[in-house]
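Here's the structure, in structure tokens; my notes come after.
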Amino acid sequence: MTTYELAQVNIGRLTAPLDAPEIKDFTDNLEPVNAVADASDGFVWRLQGETGDATDIRIYDDEWMLVNMSVWRDADALKAFMYAGTHRELLSRRREFFQRLSEAVTTLWWVQAGHRPTVKEAEERLTHLRENGPTAYAFTLTKTFSPPAS
């Protein structure tokens, strides 16, 4: 029987360079928030570059676009992390750090346990969601789908 884990990607287009004072609160909290995620119940994996976070990795060939990608046991584990503590506070302040985009910036999909998604895979899933709305291939926290049948 194949088991599945939940992959998520979210992107944001910066309002200023990473070293700008306007987004210092965001950059200063990356390491502590990532440490909480890493220790969270249900956390499996997160995308990291040479810096230990993903700030040196880009998506859609856009130098201003940051990508955050992780894998979780399930949607409940992801939500428990997202809506608690410092992450919740920073999420509520996201417009200070990231531009408002008209297209979807977050998507989820099921991966076989042990699979680590690539940025290219995340681009494909997010583009699919933007073009087709939520489906079993790419969905949202408000419109989720069950893992594939084994």
* Shortest non-hydrogen contact between Ala54 and Val67, atoms and distance -> CB-O, 3.3 Å
* More than 12 foreign heavy atoms under 6.0 Å from CG of Asp61: is that the case here? -> no
* Asked: Are side-chain heavy atoms of Thr140 and Leu129 found at a separation under 4.5 Å?
  -> yes
* Does some side-chain heavy atom of Asn34 sit less than 4.5 Å from a side-chain heavy atom of Gln48? -> no
* **Linked, directly or transitively: Leu108 and Leu47 (ILVMFWY side chains, under 4.5 Å)** => no
* To do: State which residues pass side chain to side chain donor-acceptor pair (under 3.5 Å) with Asp76; sequence neighbours excluded, sorted by chain then number.
  => none
* Could you check if a side-chain atom of Trp110 sits within less than 4.5 angstrom of a side-chain atom of Phe139, using non-hydrogen atoms only? => yes
* Shared ILVMFWY cluster between Val44 and Val119, side chains joined below 4.5 angstrom? -> yes
* salt bridge (Lys or Arg N to Asp or Glu O under 4.0 Å) partners of Arg125, counting only residues at least two apart -> none
* How would you list, by chain and number, every residue that makes a side chain to side chain donor-acceptor pair (under 3.5 Å) with Asp25, sequence neighbours excluded? -> Arg93
* Asked: Can you name the residues that form a side chain to side chain donor-acceptor pair (under 3.5 Å) with Thr118, not counting sequence neighbours?
  -> none
* Check Ala122 against Met69 and note the closest heavy-atom contact, atom names and distance. => CB-SD, 3.7 Å
* To do: Decide yes or no for Val111 and Glu121: does some side-chain heavy atom of the first lie under 4.5 Å from some side-chain heavy atom of the second?
  => yes
* Under the side chain to side chain donor-acceptor pair (under 3.5 Å) test, which residues partner Thr27, sequence neighbours left out? -> none
* Asked: Do you reckon Ile57 sits in the same ILVMFWY cluster as Met65, going by side-chain contacts under 4.5 Å, direct or chained?
  -> yes
* Does the distance from a Lys or Arg side-chain N to an Asp or Glu carboxylate O, for Glu5 and Arg116, drop under 4.0 Å? -> yes
* Any side-chain heavy-atom pair from Phe81 and Val33 closer than 4.5 angstrom? -> yes
Expected list for residues 6-14: side-chain donor-acceptor pairs under 3.5 angstrom, two or more places apart:
| residue | atom | partner | partner atom | Å |
| --- | --- | --- | --- | --- |
| Gln8 | OE1 | Asn10 | ND2 | 2.9 |
| Gln8 | NE2 | Asn68 | OD1 | 3.4 |
| Gln8 | NE2 | Ser70 | OG | 2.9 |
| Arg13 | NE | Asp62 | OD2 | 2.8 |
| Arg13 | NH2 | Asp62 | OD1 | 3.4 |

* **Residues Asp41, Arg73: salt bridge by 4.0 Å N-O rule** => yes
* Side-chain touch Tyr137/Asn132, heavy atoms, less than 4.5 angstrom -> no
* Are Trp64 and Arg58 close enough that some pair of their side-chain heavy atoms sits under 4.5 Å apart? -> no
* Flag the pair Phe43 / Trp72 as yes when their ring centroid distance falls below 6.0 Å, and as no otherwise. => yes
* To do: Would you name the heavy atoms of Asp56 and Glu50 that are closest together and state the gap between them?
  => OD2-N, 3.0 Å
* **Shortest non-hydrogen separation from Glu22 to Ala16 and the atoms involved** => OE1-CB, 4.2 Å
* Looking only at heavy atoms, what is the nearest atom pair of Ile23 and Thr15, with distance? -> CG2-OG1, 3.8 Å
* Heavy-atom closest pair, residues Arg46 and Gly52 -> NH1-O, 2.9 Å
